[in-house]
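Right, one structure below, let's go through it.
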Amino acid sequence: MEYNRCGKSGLKLPQISLGLWHNFGSVDSFENAESIAKAAFDKGITHFDLANNYGPIPGSAETNFGKILKNNFQGNLRDEIVISTKAGYGMWEGPYGDWGSRKYLLSSLDQSLKRMDLDYVDIFYSHRFDPETPLEETMTALDYAVRSGKALYAGISNYPPEQTVEAAAILKQLGTPCLIHQVKYSMFVRTPEEGLLDVLGEKGIGCIAFSPLAQGLLTDRYLKGIPENSRASNPNGFLKAEDITEEKIKVIVALNDIAQSRNQSLAQMALAWLLKDNRITSVLIGASSVGQLQNNIDALGNIDFTQAELDKIEAILASV
């Protein structure tokens, strides 16, 4: 595992980080989740990413991760891992449990720390831009989270390029620089290339990509349709059966052919494709088993592409 500097900060993150969006909630096997987290750390994955609403039920991923920490990461081991959480999506009923107000963000952070039984998180994110709350209010809440010692760094997620520039300027003026931007990015979701990556490079902000495998589409699981026990067949998942179209399957098969020529699985190639850009600090993977985790980590064995390979990939993706 190699560790990349996060923008212009002093913090380094592993090339691959573990996201707890799936497989760590109250509906999942705790023993399996614990095994995945332990194996990830043993393989050099030092960054664990959560959010207040991860589950299901919302909050349960943080609760379970708190138990995993207590069982396996006591003492100085806390100083060897980076833990992030977020607030910005709906978490509780009423007017104060959603979006980007100071009240919601800081109340949520307190709840997250309590669920994980932590004194602080390493990174606290505003999970999405709130068009109805002044950006200054949201950013000063992040600044306070850092100054109060409840977070070491501030980050943003799912912010458009223009609002990213504004948020970074406010945080810089406050003296709490924007460390990182977490964005949805994969071969199938190219939106960050429309200005955001340029902003992050110019401003010295790190970038961590979530859903790098497009919720499992960029794997060999869907080459022949929807298998049992896949995310598309899981009623609690975000990938729906209607997302698996014949056109998508043709694209997946063509990409898989290129991956095989590189002696990689499709998932490994999709991760490597993101890491080829030096503006990407880390990619966030989910894992349903230790074996799947290892398969993804093995992507790091080949993250270089020839121009011919890149051209072929672009031609295939242009047909989507």
Side-chain angles (χ1 to χ4, degrees), residues 1-6 11-25 28-51 54 61-62 64-85 116 118 121-123 153 180 182 185-186 206-216 218-221 231 259 262-278 280-305:
M1 183 69 65
E2 294 185 9
Y3 300 83
N4 296 326
R5 189 167 299 280
C6 195
L11 185 69
K12 292 183 178 181
L13 295 180
Q15 290 171 302
I16 290 178
S17 300
L18 183 63
L20 278 62
W21 184 11
H22 300 287
N23 305 308
F24 283 78
D28 303 299
S29 164
F30 176 80
E31 291 75 16
N32 185 56
E34 186 171 43
S35 295
I36 293 169
K38 289 165 61 179
F41 182 72
D42 289 342
K43 297 293 182 180
I45 293 179
T46 53
H47 178 211
F48 298 89
D49 179 78
L50 300 105
Y54 287 178
E62 289 182 328
N64 282 338
F65 186 63
K67 295 175 183 176
I68 292 171
L69 289 174
K70 186 175 182 180
N71 292 345
N72 304 278
F73 295 90
Q74 288 291 317
N76 291 339
L77 281 179
R78 173 64 183 95
D79 299 325
E80 296 186 29
I81 58 177
V82 172
I83 301 169
S84 59
T85 196
M116 292 186 281
L118 292 173
V121 291
D122 296 274
I123 306 169
Y153 298 94
I180 192 168
Q182 186 172 136
Y185 188 25
S186 71
C207 182
I208 185 166
F210 74 87
S211 292
L213 304 181
Q215 290 294 298
L218 288 165
T219 70
D220 58 11
R221 301 199 73 182
R231 284 189 179 178
R262 288 169 49 84
N263 294 315
Q264 288 184 313
S265 68
L266 176 54
Q268 290 167 350
M269 185 179 77
L271 296 174
W273 184 84
L274 288 171
L275 287 167
K276 74 183 187 311
D277 190 326
N278 60 17
I280 302 299
T281 310
S282 182
V283 292
L284 267 175
I285 63 166
S288 59
S289 68
V290 172
Q292 187 182 66
L293 174 77
Q294 183 60 59
N295 181 271
N296 288 341
I297 293 173
D298 288 343
L300 301 178
N302 182 14
I303 61 173
D304 296 321
F305 289 82

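Note that these values count all heavy atoms, side chains included, but never hydrogens, waters or copies made by symmetry. Bear in mind the structure is a predicted one, so any value in this text is a computation, not a measurement.
Two residues are said to be in side-chain contact when any heavy atoms from C-beta on lie closer than 4.5 Å; L11 and I180 fail this criterion. At a threshold of 4.5 Å between non-hydrogen side-chain atoms, the residues I16 and K43 do not count as touching. Counting heavy atoms from C-beta outward, L118 and R78 have side chains that approach closer than 4.5 Å. Within the 4.5 Å cutoff, side-chain heavy atoms of L69 are placed close to those of I81.
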Would I208 and D49 count as a side chain to side chain contact (heavy atoms under 4.5 Å, CB included) if you check the C-alpha gap in whole Å, the side-chain angles of each, and the deciding distance to 0.1 Å? CA-CA 10 Å; I208 185 166; D49 179 78; 5.7 Å; no

Derivation of the side chain to side chain contact (heavy atoms under 4.5 Å, CB included) call for N72 and F41: CA-CA 10 Å; N72 304 278; F41 182 72; over 6 Å; no

What do the steps show when you test M116 against V121 for side chain to side chain contact (heavy atoms under 4.5 Å, CB included), and what is the final call? CA-CA 9 Å; M116 292 186 281; V121 291; 3.9 Å; yes

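L300 CG to E2 CD: the interatomic distance, rounded to the nearest 0.5 Å, is 8.0 Å. With rounding to the nearest 0.5 angstrom, the CG atom of L213 is 11.5 Å from the CZ atom of R221.
Of the options F73, W21, F48, F24, a ring pair (Phe, Tyr, Trp, His ring centres under 6.0 Å) to F65 is made by F48 and by none of the others.
Put simply, the side chain of N4 never gets that close to the backbone of L13: no donor and acceptor are under 3.5 Å apart. Checking side-chain atoms of S17 against main-chain N and O of V283 turns up no donor-acceptor pair under 3.5 Å. At least one donor-acceptor pair under 3.5 Å links the side chain of Y3 to the backbone N or O of G44. When atom types are taken as modelled, the side chain of D122 and the backbone of I83 share a donor-acceptor pair closer than 3.5 angstrom.
Legend: residues meeting ring pair (Phe, Tyr, Trp, His ring centres under 6.0 Å) with F210, ordered by chain and number and at least two apart, are absent. Applying the salt bridge (charged side-chain N to carboxylate O under 4.0 Å, His left out) rule to D277 yields the partners R279; only residues at least two apart in sequence or on another chain are considered.
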Hey, can you pull the donor-acceptor pairs under 3.5 Å for the side chains in residues 263-275, sequence neighbours left out?
residue : atom : partner : partner atom : Å
Q264    : OE1  : R262    : NE           : 2.9
Q264    : OE1  : R262    : NH2          : 3.1
Q264    : NE2  : N302    : O            : 2.8
S265    : OG   : Q268    : N            : 3.1
S265    : OG   : N295    : OD1          : 3.3
Q268    : OE1  : S265    : N            : 2.9
Q268    : NE2  : N295    : O            : 2.8

